[in-house]
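Have a look at the structure below, then the notes.
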Amino acid sequence: MPELPEVEVVRRGLVDHLQGRRFQQIDVLNPRAVRRHLGGPAEFSSLLVGRRVDVVRRRGKYLWWALDNGDAVLAHLGMSGQFRIGALPPLVIPDSPHLRVRLAFDDGGADLLFIDQRTFGGLSYSEGGADLPSEIAHIAIDPLDPTFDLDTAVAALRAKKTGVKRALLDQTVVSGIGNIYADEALWRARLHYERPASSLTRAQAREVIVAATEVMNQALVAGGTSFDALYVAVNGESGYFDRSLNAYGQEGEPCPRCGTPIRREAFMNRSSFFCPVCQKAPRSSR
DNA sequence: CAAACTACCTGACTGC
DNA sequence: TGCAGTCAGGTAGTTT
């Protein structure tokens, strides 16, 4: 599932393949892919034709393409969204059954394809959004942003009246963290997912955010985490960070620190993986 | 106002 | 073999 490192891998691919190019034709094959654009698919397409992409930016799991008129295209991969570079003619690759949007350019080069099996992702047009789309103004600065401030994030985390994992997944506290890196950060910081965020010492809150930052940086170096074909870079390649996971997806495997089998518990309609010895549950949850 | 809950989606997999 | 049920899970919108 694309979290911050995976989205950053995609962003870098788009920097190479999208920046400086001008749209000639946009085909929305499934209107759900642009459902967040209130004007509808036809308007979305017409707004893009003739526009040039100046720069590809990211905050948390959101991407946006700053256009030459000060507007932007805002994109989210959801759970299964992919941007792929189409084959150059005369090569022909079979269309994915999940192809949602095809973007063609005036330079005759390869198309950009938005492919999304579960259709939770999508594109929209953001007026005046080149610097930061107003639609994502509520999303916190992510730990890979040069302006990220650790003390601000620590204060925001400790101010939440909920469990530490819920708070880590809250994109208005720290952005970019999803279920995989939340579990990995909690394992590294030896914290149980139900530990109240407000009960963390400043040092503990700092430790778990630093752990999240480190694990996401390491995943980025590895090209991201891929369990299946649902997450791939723009060239179709998979990342290999899944080999480095200590907790997530490791139910029954020995904790790399103490050897106790990793446990899985239901949490927020998904799963939490943790070491029951290294990450003791708080009294309140027992 | 903040926290919690739910809808949105498809395909792989499990159990009967 | 088939079919119902489960799971994966990020975000916006709704409810508490």
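Order of the sequence lines sets the chain letters (A, B, ...), proteins ahead of strands, with each chain counted from 1.
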First and last nucleotide of DNA chain B in contact with chain A, 5' to 3', at under 4.0 Å to a heavy atom: what are they?
dA3(B) to dG11(B)

Which pairs of donor and acceptor atoms, one on a side chain in residues 178-186 of chain A, lie under 3.5 Å apart (sequence neighbours left out)?
residue: Asn179(A); atom: OD1; partner: Lys165(A); partner atom: NZ; Å: 2.7
residue: Asn179(A); atom: ND2; partner: Ser271(A); partner atom: O; Å: 3.0
residue: Tyr181(A); atom: OH; partner: Glu6(A); partner atom: OE2; Å: 2.6
residue: Tyr181(A); atom: OH; partner: Thr225(A); partner atom: OG1; Å: 2.7
residue: Asp183(A); atom: OD1; partner: Lys165(A); partner atom: NZ; Å: 2.6
residue: Asp183(A); atom: OD2; partner: Phe273(A); partner atom: N; Å: 2.8
residue: Glu184(A); atom: OE1; partner: Asn246(A); partner atom: N; Å: 2.9
residue: Glu184(A); atom: OE2; partner: Asn246(A); partner atom: N; Å: 3.3
residue: Glu184(A); atom: OE2; partner: Ala247(A); partner atom: N; Å: 2.8
residue: Glu184(A); atom: OE2; partner: Tyr248(A); partner atom: N; Å: 2.8

Readout for nucleotides 11-16 of chain C: B = base within 4.0 Å of protein heavy atom, S = sugar-phosphate only, - = neither; 5' to 3' it is SS----

By side chain to side chain contact (heavy atoms under 4.5 Å, CB included), which residues pair with Ile139(A), not counting sequence neighbours?
Arg59(A), Tyr62(A), Ile136(A), Gln171(A), Ser175(A)

I want to confirm an ordering. Mapping Arg32(A) and Arg166(A) to their closest nucleotides on DNA chain B, which one lands closer to the 5' end?
Arg166(A)

Nearest 0.5 Å please: distance from the CD atom of Gln24(A) over to the CG atom of Leu48(A).
13.0 Å

Can you name the residues that form a salt bridge (charged side-chain N to carboxylate O under 4.0 Å, His left out) with Asp142(A), not counting sequence neighbours?
Arg58(A)

ring-ring contact (aromatic ring centres under 6.0 Å, His included) partners of Phe148(A), counting only residues at least two apart
none

Phe83(A): ring-ring contact (aromatic ring centres under 6.0 Å, His included) partners, not counting sequence neighbours
Trp65(A), Phe114(A)

For Arg52(A), salt bridge (charged side-chain N to carboxylate O under 4.0 Å, His left out) partners two or more places apart:
Asp54(A)

Residues that Tyr193(A) engages under ring-ring contact (aromatic ring centres under 6.0 Å, His included), provided they are two or more places apart
Phe267(A), Phe274(A)

Once you round it to whole Å, what is the distance between C1' of dA8(C) and CG of Asn179(A)?
9 Å

Specify the residue among Asp170(A) and Asn269(A) whose closest nucleotide of DNA chain B lies further upstream toward the 5′ end.
Asp170(A)

Counterpart residues, salt bridge (charged side-chain N to carboxylate O under 4.0 Å, His left out), relative to Arg202(A) (two or more places apart):
none

Whole angstroms only, please: what is the CG-P distance between Asp242(A) and dA8(C)?
17 Å

With each end axis built from five pairs of C1' atoms, what bend angle do you get for the helix from dA2(B)-dT16(C) to dC16(B)-dG2(C)? Round to 10°.
60°

Look at all strands and tell whether Arg35(A) reaches a base, only sugar-phosphate, or nothing, counting heavy atoms closer than 4.0 Å.
nothing

Would you kindly say whether Thr119(A) and Arg32(A) are connected by a side-chain donor-acceptor distance under 3.5 Å?
yes

Return each pair, listed once, that meets side chain to side chain donor-acceptor pair (under 3.5 Å) where at least one residue sits in residues 130-140 of chain A; pairs must be two or more places apart or across chains.
Ser126(A)-Glu135(A)

